[in-house]
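In the text below, chain A, chain B and the rest are named by the order of the sequence lines, each starting its count at 1.
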There are 2 protein chains.
Amino acid sequence: MQKTPTSLLELVSRLENLMRAEFRRAGSGQGLQPVHIQSMLFLQQANRFSNTPQALAEYLGLTKGTVSQSLLLLDRRGLVERYQDEMDKRVVRLRLSETGEMFLREANPTGLWNQATRDMSANRIRDSVSLLRSILHTVQGQSGKPLFGVCAACAYCQKKSQRITHCTWFGERLSIPETRKICREQTPKTSALAPGD
Amino acid sequence: MQKTPTSLLELVSRLENLMRAEFRRAGSGQGLQPVHIQSMLFLQQANRFSNTPQALAEYLGLTKGTVSQSLLLLDRRGLVERYQDEMDKRVVRLRLSETGEMFLREANPTGLWNQATRDMSANRIRDSVSLLRSILHTVQGQSGKPLFGVCAACAYCQKKSQRITHCTWFGERLSIPETRKICREQTPKTSALAPGD
DNA sequence: ACATTTTTGTATTGAATCAATACTATAGAT
DNA sequence: ATCTATAGTATTGATTCAATACAAAAATGT
């Protein structure tokens, strides 16, 4: 029974192992570990509600203490900047520095993946994204973990007009580019769970 | 450009992080790390040409020395058995012990995943498997890494009759269950790369 | 047949991740 | 005001992991 779902996990797992090895290679010049590359890639994508140590820890599935150490290293190397939040002074905000951005461009840890997916049909990719997103939603829900996903696919992301979008969860306006970023509080639209995407 | 492929990587990465956390939970009772769970899951799936430390190292993307340490621990715990190959006495063969099988059944590290995929359409899963398999093939090819995949999808897997299958790479007969296992030398059939699977 | 090289795996050492625990500081609640 | 919850850091110790060196068997070459 259920041979296919297992082999899907197999593939996800194996692909991640390969990418992990690729991240190791990409970071070896700078003495960076795979987890550092993953952290930087997350910060590149995280929206302004999700660029904190806590969110990163939840995203990586690690404890906040562990992540704090990684961030210390990335900070010392000048790859990531940390600054205090104005409203809530317990909160630390994170962002990639110019150096960090440049490092990602040059080391290009996702280059191999991009190359491999370049020639795939956009439709097939969209279908797989839709399926994996559903699985992700279920797994996250069952494990009681926060969700993470792009704003554009979130139920709280309300398009008021052509150019104006609001997040009704945080009650703030979003710019167009922001709706493509990753949020820790994402709640998938019901349509995203249906076969038709 | 290419926002969708990246978000596919995003999903694969995030799913693996979640499963990694799940593996950590599953192994915590026995003091096992995620990598041990991953190793045992591989050994459960690996065919008789691929149940060696070297193959496991390639599969995990780690060095053979590192994997040797993990196997030492799994051996001491009685979860994995190591024995010498008869033909090539350099080679160590690996298999899950009864205890190992039982541990996987009880800790059930993939239970969360199976639950999440239970209600997904078989067609959508098959399509995603097909796509990820293509991506895997390309990534593996470009990084010069060995391939890994199930025999049934391998170009060297020749069905002679209803019940008789031969691997023309190793030149040996395969049993029906064996064709569902994972081989380090898998070479995808060209049809596996086409949209229709 | 014999030396050389390659392949497979192990042992050892040191660096780095990671969790656990304890701690500080701010926010929120009663 | 006090008490509790939340966000983050510091410290400690166990464990992974790579690098290097090593041993044994097989493959190769002359």
Side-chain angles (χ1 to χ4, degrees), chain A residues 17 20-40 46 49-77 80-94 146 184-185, chain B residues 17 20-39 43 46 49-77 80-94 146 184-185:
Chain A
N17 285 342
R20 205 178 171 73
E22 178 68 7
F23 290 172
R24 196 178 292 284
R25 186 202 58 71
S28 62
Q30 298 279 330
L32 296 175
Q33 302 292 323
V35 70
H36 299 134
I37 307 290
Q38 266 198 294
S39 299
M40 293 175 73
F49 310 119
S50 313
N51 55 352
T52 67
Q54 181 67 35
L56 177 59
E58 286 162 355
Y59 180 85
L60 296 173
L62 303 176
T63 63
K64 57 182 182 169
T66 298
V67 168
S68 187
Q69 296 311 306
S70 295
L71 289 171
L72 193 63
L73 183 146
L74 288 170
D75 191 353
R76 277 199 301 249
R77 299 285 182 86
V80 163
E81 292 167 1
R82 299 195 278 187
Y83 56 100
Q84 210 174 34
D85 184 86
E86 283 306 313
M87 309 300 275
D88 187 337
K89 296 200 169 181
R90 294 170 303 180
V91 173
V92 169
R93 296 285 164 188
L94 304 167
R184 64 189 296 193
E185 296 293 350
Chain B
N17 285 342
R20 205 176 171 76
E22 178 68 8
F23 290 173
R24 195 177 293 282
R25 186 202 58 72
S28 62
Q30 298 278 331
L32 296 176
Q33 303 292 323
V35 69
H36 300 133
I37 307 291
Q38 265 199 295
S39 299
L43 291 180
F49 310 119
S50 313
N51 55 353
T52 68
Q54 182 66 38
L56 178 57
E58 287 162 356
Y59 180 84
L60 296 173
L62 303 176
T63 64
K64 57 182 182 170
T66 297
V67 168
S68 187
Q69 296 310 305
S70 295
L71 289 170
L72 193 64
L73 183 147
L74 288 170
D75 191 352
R76 277 198 302 248
R77 300 285 181 87
V80 163
E81 292 167 3
R82 299 194 279 187
Y83 57 99
Q84 209 174 36
D85 185 87
E86 283 305 314
M87 311 299 275
D88 187 337
K89 297 199 168 179
R90 294 170 303 180
V91 173
V92 169
R93 296 284 164 191
L94 305 167
R184 63 190 294 194
E185 295 292 349

- [ ] Indicate, with a heavy-atom threshold strictly under 4.0 Å, whether Arg93(A) touches base, sugar-phosphate, or nothing.
- [x]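 No contact.
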- [ ] Can you sort out the partners of Gln69(A) under side-chain hydrogen bond (donor to acceptor under 3.5 Å, both in side chains), two or more places apart, ordered by chain and number?
- [x] none
Sort me out a list of protein N/O and nucleotides 27-30 of chain C N/O pairs below 3.5 Å, or just none if empty.
from    : atom 1 : to       : atom 2 : distance (Å)
dA27(C) : OP1    : Met87(A) : O      : 3.3
dA27(C) : OP1    : Lys89(A) : N      : 3.4

TODO: Taking heavy atoms of chain A and a 4.0 Å limit, find me the 5'-most and 3'-most nucleotide of DNA chain D within that range.
DONE: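 Going 5' to 3' along DNA chain D, contacts run dA5(D) to dA18(D).
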TODO: Decide side-chain contact (heavy atoms from CB on, under 4.5 Å) for Glu81(B) and Leu94(B); before the verdict, give the C-alpha distance in whole Å, the side-chain angles of both, and the deciding distance to 0.1 Å.
DONE: CA-CA 6 Å; Glu81(B) 292 167 3; Leu94(B) 305 167; over 6 Å; no
Open item on the list: Here's a test of your reading of the structure: between Leu72(A) and Val91(A), which maps to the more 5' nucleotide of DNA chain D?
Closed with: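 By nearest-heavy-atom nucleotide position, the 5'-most residue is Val91(A).
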- [ ] Could you go through the side-chain contact (heavy atoms from CB on, under 4.5 Å) check for Val92(B) and Thr52(B) one step at a time?
- [x] CA-CA 6 Å; Val92(B) 169; Thr52(B) 68; over 6 Å; no
Got a donor-acceptor contact below 3.5 angstrom from the [X] side chain to the [Y] backbone?
X        : Y        : result
Ser39(B) : Val35(B) : yes
Gln84(B) : Lys89(B) : yes
Ser68(B) : Gly65(B) : no
Arg77(A) : Gln30(A) : yes

- [ ] Could you give me the CA-CA distance, side-chain angles and deciding distance for Leu72(A) and Arg82(A), then say whether side-chain contact (heavy atoms from CB on, under 4.5 Å) is met?
- [x] CA-CA 9 Å; Leu72(A) 193 63; Arg82(A) 299 195 278 187; 3.3 Å; yes
Open item on the list: Measure CD/Gln84(A) against C1'/dT26(C) and give the value in whole Å, please.
Closed with: 9 Å
Task: Integer-rounded Å distance: dG9(C) C1' and Leu71(B) CG - done: 10 Å
Open item on the list: Are the side chains of Asp75(A) and Val80(A) in contact, using a 4.5 Å heavy-atom criterion?
Closed with: no
TODO: Would you indicate whether the side-chain heavy atoms of Leu60(A) and Arg20(B) approach each other to under 4.5 Å?
DONE: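 They are not in side-chain contact.
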Task: From Arg24(A) atom CZ to His36(A) atom NE2, the distance as rounded to the nearest 0.5 Å - done: 11.0 Å
Task: salt bridge (charged side-chain N to carboxylate O under 4.0 Å, His left out) pairs, two or more places apart, involving residues 62-71 of chain A - done: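 Counting only pairs at least two positions apart or across chains, no salt bridge (charged side-chain N to carboxylate O under 4.0 Å, His left out) contact touches residues 62-71 of chain A.
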Distances under 3.5 Å between nitrogen or oxygen atoms of protein and nucleotides 13-18 of chain C:
from    : atom 1 : to       : atom 2 : distance (Å)
dT17(C) : OP1    : His36(A) : NE2    : 3.0

Open item on the list: Checking Leu73(A) against Leu32(A) for the side-chain contact (heavy atoms from CB on, under 4.5 Å) test, could you report, in this order, the C-alpha distance in whole Å, the side-chain angles of both residues, the deciding distance, and whether it holds?
Closed with: CA-CA 9 Å; Leu73(A) 183 146; Leu32(A) 296 175; 3.8 Å; yes
- [ ] Please report how far the helix from dA1(C)-dT30(D) to dT30(C)-dA1(D) bends, comparing the axis fitted to its first five pairs with the axis fitted to its last five, to the nearest 10 degrees.
- [x]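 Inter-axis angle at the ends, rounded: 30°.
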